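What's counted below: heavy atoms across the whole structure, side chains too, no hydrogens, waters or symmetry copies. Bear in mind that the values here come from a model prediction, so they are computed numbers and not experimental data. Per chain, numbering begins at 1; letters A, B, ... match sequence-line order.
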Number of protein chains: 4
Amino acid sequence: MAGSKTNQESSRVWHKTQLRVPLFEVDLGQAVYHGNYFHLFELGREAFLRDLGYPYRRFMDQQLHLAIVEATCSYRRPLHYDEMIEIHTGVKWWRRRSLALSQAIYRSEGEDGWVLCTKVTLNMVCVRFAGQATILPIEFVDILKRSVGDEEATDIETSSNNYNRG
Amino acid sequence: MAGSKTNQESSRVWHKTQLRVPLFEVDLGQAVYHGNYFHLFELGREAFLRDLGYPYRRFMDQQLHLAIVEATCSYRRPLHYDEMIEIHTGVKWWRRRSLALSQAIYRSEGEDGWVLCTKVTLNMVCVRFAGQATILPIEFVDILKRSVGDEEATDIETSSNNYNRG
Amino acid sequence: MAGSKTNQESSRVWHKTQLRVPLFEVDLGQAVYHGNYFHLFELGREAFLRDLGYPYRRFMDQQLHLAIVEATCSYRRPLHYDEMIEIHTGVKWWRRRSLALSQAIYRSEGEDGWVLCTKVTLNMVCVRFAGQATILPIEFVDILKRSVGDEEATDIETSSNNYNRG
Amino acid sequence: MAGSKTNQESSRVWHKTQLRVPLFEVDLGQAVYHGNYFHLFELGREAFLRDLGYPYRRFMDQQLHLAIVEATCSYRRPLHYDEMIEIHTGVKWWRRRSLALSQAIYRSEGEDGWVLCTKVTLNMVCVRFAGQATILPIEFVDILKRSVGDEEATDIETSSNNYNRG
């Protein structure tokens, strides 16, 4: 498990976290189990929100969850044990009570840069612990506006499938 | 964990498995963790293939996997610990190398029947353990033709959100 | 996933649940991940408590948990995908606030009976949701007394490593 | 998820890794699920072996696993979502084909230092992918001798339950 950072160069909106694929996420097919990619995406979101200045813990301290209501996941290339990966997280859009994130996992190919392996779009609704939908915290929305801009953020579709650092 | 059966009455194509939501699938929000619904769907697929007469084990004995390449999951209502659920599994379509299943999880409301909680569409490709895509086993396709029909199976969309047994 | 039953023949105290090893519990070593045996043991305990007449849900309805404070697990033989297993659960001892269970997983060897694969002893303390230890529910203790007897139950050590049904 | 380091000051044998408790490890009781502590211990072992100069990947490249045959885990205090923890890993003893590690998880109490929450002893046997026990790789044993010493390493029992950094 390694550090995380926001990437200033390539895009305002993309946050990046690097880590190695843990053994316990891999199934008998030698690749990450399809349901366990959501663990990796979650680690990326946690780091994204923390670096944004509004850690997920603050939602919970207000008795709020960001409940996932729709997930569309595309598994393009398998991830294997111990591979170095980079999880990209960006805001797709938000409304009063809801938020959509795009996330992608790239695998390090060493000198050859990074290759896109998995992509997800997550639609989330802000809900109270008791269950009802509610508005996103005002301070969180202010941070989104400052960080991402008022307009809808660029979709991950516009991000290329492979990229080199150089 | 309870038994499974194929349902002859309501539709040729829908297989049903009943079980209770295990405690270890539930997260701190008191509902099943979004990535763990894939465990429940998998239990449904396992029972579906077994009852179809072609258990997943037979794919693996031929060094084959049905690799999931796309998953679209809609979380409509949360599932909680110990709730009695019914997992519906149906074939959406198949081609030479690929197969799409629709699955849905209904929660028992006792006398009031069952309510739709979670839906997924899974696109799968038949792959060798070594990784290359390959054709679906002929005998499996023959079973699909006999059980589901040559035409594309009815999408889960046409299934109502709630139903009563009576 | 298959049904469960209490075994009257071999011992008063042993409850048995049968199921097949789910794919998602197996890791890249082709055997159940060492931390996931606790899922299987939990399914056994759930069935045990339900058949005893005091499902775990009743603890939770009283804002109680049986928190595990000590686990000693012996992994003798690996469990593989789709193997038919039988989970044995018995009460080792109980006190005012605590309870110890012995559990074991046997794998079907077909005609040759069952072979012991995994054993665990779990020491549990009854705790309120808020965290403090408290006494076990009186009705639960009464059921234990009727079912298991006042004396300490026979340890799983006295159960043979292999057994035949006949 | 944060960095890892070997600690030179307090003991030759203890490796330390820090990270935050991920949300997906926490169950409906608001604490880490008892079987999921093995994920955290595994992250600690991975970092330990990497820093030792013999990453677990090298075992696998030789078609070897360190199979866990016995685990004794003591859950003293619950771990909660987002808590900063430190995983300590030390060698307890090794023989020709087997190895025992002691691991402990401490929770940060801020200014008050760290408090011991969970302890485990893991007995492992070196096995070939095909299943038979075999000797530990010679180079790995050489590293153990240089790092830990020929004698048995200090047991975690001698480590105090709480400690302050200052």
Side-chain angles (χ1 to χ4, degrees), chain A residues 24-46 56-57 59-80 98 100-101 103 105 116-133, chain B residues 24-46 56-57 59-80 98 100-101 103 105 116-133:
Chain A
F24 59 81
E25 305 293 15
V26 176
D27 72 14
L28 85 189
Q30 306 304 311
V32 172
Y33 179 74
H34 62 283
N36 291 358
Y37 286 89
F38 292 95
H39 295 172
L40 304 176
F41 287 125
E42 186 171 290
L43 294 174
R45 287 199 304 286
E46 287 278 322
Y56 191 68
R57 183 63 178 260
F59 287 91
M60 291 187 62
D61 288 345
Q62 297 166 80
Q63 313 274 301
L64 298 175
H65 277 300
L66 292 175
I68 292 172
V69 292
E70 186 100 23
T72 306
C73 189
S74 172
Y75 306 90
R76 301 194 178 185
R77 291 177 185 83
L79 292 181
H80 307 97
S98 56
L101 297 183
Q103 297 193 274
I105 304 177
L116 177 63
C117 292
T118 330
K119 270 182 49 177
V120 79
T121 299
L122 296 172
N123 294 3
M124 295 179 285
V125 170
C126 188
V127 293
R128 296 186 207 280
F129 279 8
Q132 332 90 292
Chain B
F24 59 81
E25 305 293 15
V26 176
D27 72 13
L28 82 189
Q30 306 304 309
V32 172
Y33 179 74
H34 62 283
N36 290 358
Y37 285 89
F38 292 94
H39 294 171
L40 304 176
F41 287 124
E42 186 172 289
L43 294 174
R45 288 199 305 285
E46 287 278 321
Y56 191 68
R57 184 61 179 261
F59 286 92
M60 291 188 60
D61 287 345
Q62 298 166 78
Q63 313 274 301
L64 298 175
H65 277 299
L66 292 175
I68 292 172
V69 292
E70 186 99 24
T72 306
C73 191
S74 173
Y75 306 89
R76 300 195 179 184
R77 290 177 186 83
L79 291 181
H80 306 97
S98 56
L101 297 182
Q103 297 194 273
I105 304 177
L116 177 63
C117 291
T118 330
K119 271 181 49 176
V120 79
T121 300
L122 296 172
N123 294 2
M124 294 179 286
V125 170
C126 188
V127 293
R128 295 186 207 280
F129 279 7
Q132 332 89 293

> Please report the closest heavy-atom contact between A/K119 and A/F41, naming both atoms and the distance.
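Closest approach of A/K119 to A/F41: C-CZ, 4.2 Å.
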> Please round to the nearest 0.5 Å and tell me the distance separating atom CG of B/L122 and atom CZ of B/R45.
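That separation rounds to 5.5 Å.
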> Can you tell which of B/I68, B/T118, B/N123, B/V127 has the highest number of heavy-atom pairs within less than 4.5 Å of chain A?
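Of the candidates given, the most pairs with chain A belong to B/I68.
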> Distance check, rounded to the nearest 0.5 Å: A/H34 atom NE2 versus B/E70 atom CD?
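One finds 13.0 Å between NE2 of A/H34 and CD of B/E70.
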> Which of these, B/Y37, B/Y75, B/F38, sits in a ring pair (Phe, Tyr, Trp, His ring centres under 6.0 Å) with A/F38?
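For A/F38, the ring pair (Phe, Tyr, Trp, His ring centres under 6.0 Å) check succeeds only for B/F38.
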> Considering only heavy atoms, which portion of A/E42 lies under 4.5 Å from any heavy atom of chain B: side chain, backbone, both, or neither?
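Contact with chain B is through the side chain of A/E42 alone.
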> So which part of B/Y33 gets closer than 4.5 Å to some heavy atom of chain A, the side chain, the backbone, both or neither?
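The answer is the side chain of B/Y33.
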